[in-house]
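What follows is a set of notes on a single structure, which appears directly below.
One-based numbering, in listed order, for ligands and for the atoms of each.
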Amino acid sequence: MGERVDLGRERAASRADEVLDALDTDLVGLTPVKTRIREIAALLLVERARARFGIGSSRPNLHMCFTGAPGTGKTTVALRLAELLHRLGHLRRGHLVAVTRDDLVGQYVGHTAPKTKDVLKRAMGGVLFIDEAYYLYRAENERDYGQEAIEILLQVMESHRDDLVVVLAGYQERMDAFFTSNPGMSSRVAHHIDFPDYTGGELEAIGRLMLENAGYRLAEEAVPVFREYLDRRREQPRFANARSVRNAIERARLRHAGRLMADGGEVGPEELTVLYPEDFLASRVFSGR
Ligand SMILES: Nc1ncnc2c1ncn2[C@@H]1O[C@H](COP(=O)(O)OP(=O)(O)OP(=O)(O)O)[C@@H](O)[C@H]1O
Ligand SMILES: [Mg+2]
């Protein structure tokens with residue numbers, strides 16, 4: 001019998017499961033996202049086995065597009081993805097370079113190419129995460145320097161496929177419009193992953209997870225108040241999903257600390273960890289009922 005590859009052993013050796021399991025436990029919901037990332041991990045393990053037998057030769061295209069509203073976990077997942085791709089041998093370094101239009105596009109003639117190339121150089125061996133990628137393209141302005149950055153990106157996405165993964169992130173509709181005006185970019189992005197808004201239940205679970213990780217918990221009476229806070233906050237402008245939950249908790253921590261200091265006196269672990277309704281009720285979210 002010829003040589004055989006034990007996929008289970010390869011998988012264990014890569015320590016990819018540590019990243020995949022952490023993705024499962026650290027992030028609430030996002031089931032389709034997690035499934036897709038597992039599929040990509042399987043693809044890379046199988047690709048490595050194929051390469052051992054000399055089957056095929058082209059590395060898979062892993063450039064991606066992450067669509068979703070602010071605070072739905074796009075940056076967080078991209079970071080984990082970078083580490084995963086590193087463990088699976090696809091990326092040399094596995095770091096993440098997050099940029100927006102201003103990091104790539106210059107204000108004057110001749111400034112864009114060096115800026116874009118510098119960013120690409122920093123990102124080599126890792127993931128280049130371009131937030132709100134559609135701002136690179138301005139339909140109303142033919143001489144916009146963004147087009148120059150796009151062209152350099154397109155070239156590198158093709159020529160350095162095995163050393164750089166580009167993730168374009170932003171709102172779904174704008175991203176669709178961007179791809180329609182930039183077919184070259186569209187054809188180079190193989191994976192489209194959508195990050196839906198979190199449900200009320202998911203936001204609450206995210207909040208509880210964040211509290212637990214920070215060493216706090218809600219008093220029983222604070223549970224419905226926190227829920228009500230989230231319901232109200234969701235209806236307000238600039239709601240940013242999990243990021244808004246994180247900010248709410250940061251402010252509750254401030255009020256909690258202020259309350260303890262105002263009381264003065266002795267405290268123990270109980271007082272130092274439990275958040276009460278007033279720590280949330282003082283928020284502007286509750287004013288003007
Ligand atoms: N599903 C989740 N479970 C737990 N925490 C989460 C989840 N999604 C996001 N977070 C946390 O919420 C915060 C915001 O997430 P992140 O920055 O990844 O969102 P984003 O989609 O990149 O947002 P933006 O588009 O505004 O950059 C981070 O602190 C992250 O850890
Ligand atoms: Mg982000």
Side-chain angles (χ1 to χ4, degrees), residues 18-38 63-85 94-104 119 122-123 126-136 165-179 189 191-218 226-227 229-230 233-234 236-254 275 285:
E18 286 170 21
V19 181
L20 292 168
D21 293 345
L23 199 64
D24 273 343
T25 51
D26 298 349
L27 295 180
V28 171
L30 296 178
T31 308
V33 175
K34 292 170 178 174
T35 305
R36 196 58 177 278
I37 305 270
R38 280 188 185 271
H63 299 311
M64 301 182 196
C65 170
F66 285 4
T67 50
T72 47
K74 301 183 294 296
T75 305
T76 309
V77 170
L79 264 169
R80 310 281 178 127
L81 175 73
E83 173 62 25
L84 180 73
L85 297 182
H95 64 308
L96 180 105
V97 173
V99 298
T100 58
R101 176 187 162 98
D102 288 347
D103 300 299
L104 298 167
V119 166
R122 277 195 287 130
V127 169
L128 174 62
F129 184 88
I130 308 178
D131 225 346
E132 304 210 78
Y134 29 76
Y135 286 135
L136 287 175
V165 167
V166 175
V167 176
L168 307 176
Y171 291 104
Q172 172 95 60
E173 304 73 40
R174 294 197 199 172
M175 205 57 95
D176 287 348
F178 174 73
F179 284 133
V189 172
H191 304 268
H192 293 259
I193 305 186
D194 191 49
F195 290 65
D197 281 341
Y198 293 117
T199 63
E202 285 171 337
L203 291 172
E204 189 184 331
I206 289 170
R208 285 176 178 278
L209 192 66
M210 287 175 175
L211 285 167
E212 193 187 310
N213 291 337
Y216 287 87
R217 66 186 174 82
L218 297 175
F226 184 56
R227 215 168 272 158
Y229 173 97
L230 293 175
R233 185 64 191 89
R234 277 171 87 192
Q236 294 181 348
R238 287 177 299 282
F239 172 66
N241 287 279
R243 172 153 327 102
S244 294
V245 179
R246 185 174 290 292
N247 291 338
I249 290 171
E250 291 307 325
R251 285 191 296 273
R253 285 174 73 165
L254 274 179
L275 299 177
V285 168

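- Contact annotation: the side chain of Thr100 never approaches that of Tyr135 to less than 4.5 Å [non-hydrogen atoms, C-beta and beyond].
- For the pair Lys74 (side chain) and Phe195 (backbone), a donor-acceptor distance under 3.5 Å is absent.
- The nearest heavy-atom contact from the protein to atom 25 (O) of ligand 1 is Lys74 NZ, 2.9 Å.
- Under 4.0 Å is where a charged nitrogen must lie from a carboxylate oxygen, and between Asp26 and Arg80 at least one such pair does.
- Residue contact check: Ile206 has heavy atoms under 4.0 Å from atoms 1 (N), 2 (C), 3 (N), 4 (C), 5 (N) of ligand 1.
- Scanning Val28, Leu209, Thr76 for the heavy atom closest to atom 18 (O) of ligand 1 points to Thr76.
- Taking a 4.0 Å cut-off on heavy atoms, Leu79 fails to register as neighbouring ligand 1.
- Interface atoms of ligand 1 facing Pro70, defined by a heavy-atom separation under 4.0 Å, are 23 (O), 24 (P), 25 (O), 26 (O).
- By the 30° and 60° cut-offs, the orientation of the rings of His192 relative to Phe179 is perpendicular.
- Near Asp131, meaning under 4.0 Å from any of its heavy atoms, are these atoms of ligand 1: 27 (O).
- Closest protein heavy atom to atom 19 (O) of ligand 1: Gly73 N, 3.2 Å.
- Ranked by closest heavy atom to atom 22 (O) of ligand 1, the top entry among Leu30, Asn213, Thr75 is Thr75.
- Between the CZ atom of Arg233 and the CG atom of Asn241 there is a distance of 10.0 Å, given to the nearest 0.5 Å.
- Taking CD1 of Ile249 as the reference point, atom CG of Asn213 lies at 9.5 Å (rounded to 0.5 Å).
- At a 4.0 Å heavy-atom cut-off, ligand 1 does not touch Val245 at all.
- Residue Thr76: no N/O/S atom is found under 2.8 Å from the Mg ion (ligand 2).
- Looking at Tyr134, its side chain does come within 3.5 Å of a backbone N or O of Tyr171 through a donor-acceptor pair.
- With contacts defined as side-chain heavy-atom distances shorter than 4.5 Å, the pair Leu168/Phe178 qualifies.
- Of the heavy atoms in Tyr198, only side-chain atoms (C-beta onward) come closer than 4.0 Å to ligand 1.
- Checked by atom type and distance alone, the side chain of Lys34 pairs as donor or acceptor with a backbone atom of Gly29 at under 3.5 Å.
- The closest approach between any non-hydrogen atom of Gly71 and ligand 1 is below 4.0 Å.
- Neither the backbone nor the side chain of Glu202 comes within 4.0 Å of ligand 1, counting heavy atoms alone.
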**OP:** List the steps and the verdict of salt bridge (Lys or Arg N to Asp or Glu O under 4.0 Å) for Arg38 and Asp21.
**Re:** CA-CA 10 Å; Arg38 280 188 185 271; Asp21 293 345; 3.5 Å; yes
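- Annotation: atom 9 (C) of ligand 1 to nearest protein heavy atom, Ala242 CB, 3.3 Å.
- Salt-bridge formation is not detected for the pair Arg208/Glu212: no Lys NZ or Arg NE/NH1/NH2 atom is positioned less than 4.0 Å from an Asp or Glu carboxylate oxygen.
- Residue Asp26 approaches ligand 1 through these ligand atoms, each under 4.0 Å from one of its heavy atoms: 3 (N), 4 (C).
- Between the choices Arg243, Met210, Glu132, Lys34, the shortest heavy-atom distance to atom 26 (O) of ligand 1 belongs to Arg243.
- When heavy-atom distances to ligand 1 are checked against a 4.0 Å cut-off, Arg246 comes that close only through its side chain, counted from C-beta outward.
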